[in-house]
Amino acid sequence: MDDPLDGTEGSDSEDRDRYLAAMQDLTAAMAASGTSFRERVEPVLDVGREHLGFPNGHIAVVSGNEHTIVASSGLPSTISAGIERPLSETYCRHTLDESGIHIVTNASESMATDPAYIKSGLEAYVGTTLRADGSEYGTLCFVNDDETISEFSDWQQTLFEHLTQWVEAEIERELAVDTREQSQRLLEATFNSPETFIGILDADGNLVRANETALGFIDVEDETIFGEPFWETPWWNHNETVACRCQDAVERAIGGEMVRFEAEHVGADGQRISTSVVARPVAVDGTVEKIIVEGTDITDLKRHEEQMEFFNSILRHDILNGMTVIEARAETLADTLDGTQATYAETILDWSRDIVDLTQKVRSVLSTMSDDGLTEAETITLGPVVEGATKKAASMDEDCTLKTDIPDGIEVVADNLLDDVIGNILTNAVEHSGPGTTIEVTTERVGSMVHLHIADDGPGIPPEEREAIFEKGERGTESTGTGFGLYFVSVMVDSYGGDIWVEESDLGGSEFVVALPPE
């Protein structure tokens with residue numbers, strides 16, 4: 001950049017004086033800058049307007065075809081901060097296509113058919129591309145709405161270059177502030193995660209700060225607990241054992257160890273939750289200065305573990321032990337009886353073996369659920385599965401009537417336990433509908449799901465009981481079962497990505513509807 005004050009041959013003393021006055025004004029404007037971006041740059045734009053001879057100066061940010069003025073000086077009625085227009089309708093699009101300073105001295109002659117001139121009618125323009133952090137940001141422009149300019153002298157170009165450098169520095173400063181503020185907001189959002197309780201402790205284990213989620217759970221004001229030993233705060237002091245566990249973890253963390261443990265908490269409203277807690281030391285130069293304690297709600301996980309234990313207890317005690325006895329007795333009867341009685345004994349033996357087989361399957365599923373989720377689903381043709389389950393249910397009552405209408409080729413997403421899922425619903429219908437019951441099994445496509453309807457003409461299920469029958473351990477008042485079957489059905493259907501519910505049947509009884517994904 002050539003400096004008009006360098007005294008090179010041909011330099012004009014009047015130009016040097018004007019340039020010197022402009023630089024003095026620019027220095028003063030820079031020194032008196034305000035706190036916001038506009039407060040800092042608009043006084044500098046004033047200096048540019050005065051010494052470059054333009055009634056307006058402005059800064060625009062460009063993104064794609066969007067052109068937005070972010071700071072302006074002069075001509076507030078036509079050009080002011082906040083005005084947006086398509087880049088294609090601005091002089092700035094030419095500036096961005098060129099390097100250096102883009103000058104328009106007489107737009108009515110050189111740009112008469114240009115959309116920018118047609119739209120705004122600005123007669124003279126000088127602008128340059130602004131860059132920040134190595135990227136294109138927008139433009140710095142000075143415009144005259146009704147007068148042409150005869151020339152743009154060397155000293156004015158030099159002044160314009162100084163203005164550009166200073167504005168780019170302010171843009172980078174503003175972007176840095178924005179980045180810091182954005183990072184701070186991100187940190188605050190992370191700290192105040194609605195899924196995690198977070199507390200920050202000093203090196204003595206006293207609470208310094210807690211996030212909104214944690215404070216909201218115990219419903220206390222910040223100042224009432226800050227400065228207190230963490231294990232004496234309401235998250236822990238409801239139970240001495242829990243408080244001691246917390247104190248031990250914090251003291252170990254103060255010693256530099258990261259500690260994990262589980263705890264139960266009681267909220268201000270009496271709600272009980274289980275958490276997985278980690279106490280993590282934060283050290284500077286080898287010295288622990290802070291402890292960060294995070295608690296993640298694992299109440300649902302604990303409930304899941306309870307469900308697994310429920311299944312296992314049913315399998316170990318109620319089913320396997322009982323069926324071992326029944327199977328052994330059935331084998332003896334089948335070997336010693338003749339005729340119809342022998343046939344009945346064989347039926348009992350077959351059912352015993354089927355139930356033992358089912359039990360082994362469920363135990364396998366439980367093992368999978370506790371690790372990586374349920375067994376992997378696959379596409380299964382529905383018709384043969386329903387047919388097999390129907391035959392098994394029919395053997396429970398020779399007088400019952402089971403009708404199926406499953407079109408060929410209907411496929412659903414499930415696994416090899418689907419026959420037991422459907423079989424449980426069918427046998428439940430046979431058992432509770434009474435002798436000589438009629439059961440109809442049909443399908444229909446509803447939206448993106450395949451609906452399997454299992455309807456009977458039995459006494460039905462009252463509306464207020466229809467959801468409860470799928471809960472673990474739930475059974476009818478006349479039932480001698482364990483409440484295993486329909487809970488098992490509900491869990492398995494949910495694992496397939498489906499749903500199950502009960503409606504009133506057109507036959508007069510209950511209708512189970514199983515919604516399964518087709519693929």
Side-chain angles (χ1 to χ4, degrees), residues 1-33 40-60 62 69-75 79 90-112 114 116-117 120-132 134 136-172:
M1 180 189 303
D2 294 331
D3 193 331
L5 297 179
D6 62 6
T8 56
E9 184 178 355
S11 61
D12 183 272
S13 60
E14 182 178 348
D15 285 351
R16 288 199 301 272
D17 290 342
R18 295 174 65 184
Y19 175 73
L20 178 60
M23 291 303 296
Q24 289 174 337
D25 288 347
L26 177 59
T27 302
M30 292 163 56
S33 60
R40 293 194 299 273
V41 299
E42 288 184 349
V44 173
L45 294 175
D46 290 339
V47 173
R49 286 196 305 112
E50 178 182 352
H51 293 280
L52 298 178
F54 287 86
N56 174 269
H58 59 271
I59 298 168
V62 175
I69 297 173
V70 294
S72 179
S73 173
L75 299 180
I79 303 176
T90 68
Y91 291 59
C92 292
R93 80 178 194 280
H94 300 296
T95 300
L96 295 170
D97 290 339
E98 299 181 7
S99 59
I101 302 174
H102 177 64
I103 301 172
V104 178
T105 59
N106 190 337
S108 58
E109 291 185 1
S110 61
M111 299 179 61
D114 191 285
Y117 179 73
S120 63
L122 298 174
E123 195 61 47
Y125 168 97
V126 57
T128 190
T129 299
L130 294 171
R131 294 186 170 276
E136 188 177 274
Y137 173 85
T139 56
L140 169 64
C141 316
F142 291 90
V143 299
N144 195 319
D145 57 343
D146 56 9
E147 293 184 10
T148 64
I149 58 174
S150 57
E151 63 177 6
F152 198 69
S153 63
D154 290 343
W155 76 267
Q156 288 177 313
Q157 291 196 38
T158 302
L159 173 62
F160 191 76
E161 291 169 358
H162 281 301
L163 292 170
T164 301
Q165 290 178 347
W166 190 86
V167 169
E168 287 180 335
E170 284 300 314
I171 291 171
E172 291 191 348

Item checked: Val126 side chain reached by His102 side chain, heavy atoms, under 4.5 Å -> no
Next item on the list: For the residue pair Glu50 and Asp46, establish whether any side-chain heavy-atom pair is separated by less than 4.5 Å.
Entry: no
Checklist line | Backbone of Leu122 reached by a side-chain donor or acceptor of Tyr91 within 3.5 Å | finding: yes
Note to self: Could you walk me through whether Leu45 and Leu163 satisfy the side-chain contact (heavy atoms from CB on, under 4.5 Å) test, starting with their C-alpha distance in whole Å, then the side-chain angles of each, then the deciding distance to 0.1 Å, before giving a yes or no?
What the structure shows: CA-CA 8 Å; Leu45 294 175; Leu163 292 170; over 6 Å; no
Margin query: Which residues pass the side-chain hydrogen bond (donor to acceptor under 3.5 Å, both in side chains) test with Glu136, not counting sequence neighbours?
Written below: none
Checklist line | Set of residues satisfying ring-ring contact (aromatic ring centres under 6.0 Å, His included) with respect to Phe54, sequence neighbours excluded | finding: none
Note to self: Any non-hydrogen side-chain atom of Phe142 less than 4.5 Å from a side-chain atom of Arg49?
What the structure shows: yes
Checklist line | Test item: Phe152 and Leu52 side chains (from C-beta on) under 4.5 Å apart, heavy atoms | finding: yes
Notebook entry, point to check: Could you give the distance from OG1 (Thr129) to CD (Glu168), rounded to the nearest 0.5 Å?
Noted result: 9.0 Å
Note to self: Suppose we screen for side-chain hydrogen bond (donor to acceptor under 3.5 Å, both in side chains). Which residues come up paired with Tyr125, at least two apart in sequence or across chains?
What the structure shows: Thr95
Note to self: Walk me through whether Thr148 and Thr105 qualify under side-chain contact (heavy atoms from CB on, under 4.5 Å).
What the structure shows: CA-CA 5 Å; Thr148 64; Thr105 59; 5.8 Å; no
Notebook entry, point to check: Looking only at atom types and distance, does a side-chain atom of Glu123 sit under 3.5 Å from a main-chain N or O of Ser108, one as donor and one as acceptor?
Noted result: yes
Item checked: Sequence-distant partners of Thr27, side-chain hydrogen bond (donor to acceptor under 3.5 Å, both in side chains), two or more places apart -> none
Next item on the list: Enter the distance from Ile103:CD1 to Ile101:CD1 here, rounded to the nearest 0.5 Å.
Entry: 6.0 Å
Next item on the list: Report yes if the side chains of Asp114 and Arg93 come closer than 4.5 Å at any heavy-atom pair, otherwise no.
Entry: yes
Check: So how far is it from Cys141 SG to Phe160 CZ, rounded to the nearest 0.5 Å?
Finding: 7.0 Å
Check: Is there a side-chain contact between Val167 and Glu170 (heavy atoms, below 4.5 Å)?
Finding: no
Note to self: Here's a test for you: under side-chain contact (heavy atoms from CB on, under 4.5 Å), which of Leu159, Val47, Leu20, Val44 qualifies with Asp25?
What the structure shows: Val47
Next item on the list: Would you mind reporting whether Trp155 and Met23 have side-chain heavy atoms less than 4.5 Å apart?
Entry: no
Checklist line | CD1-OH distance between Ile59 and Tyr137, expressed to the nearest 0.5 angstrom | finding: 7.0 Å
Check: Rounded to the nearest 0.5 Å, what separation is found between the CG atom of Asn106 and the CD atom of Glu109?
Finding: 4.0 Å
Note to self: If the condition is side chain to side chain contact (heavy atoms under 4.5 Å, CB included), which residues does Asn56 pass it with, not counting sequence neighbours?
What the structure shows: His58, Ser72, Leu75, Ile79, Val143
Notebook entry, point to check: Which heavy atom of Thr128 sits nearest a heavy atom of Gly100, and at what distance?
Noted result: OG1-O, 3.1 Å
Check: Excluding sequence neighbours, so at least two apart, what forms side-chain hydrogen bond (donor to acceptor under 3.5 Å, both in side chains) with Gln157?
Finding: none
Notebook entry, point to check: Tyr19 and side chain to side chain donor-acceptor pair (under 3.5 Å): which partner among His51, His162, Gln24?
Noted result: His162
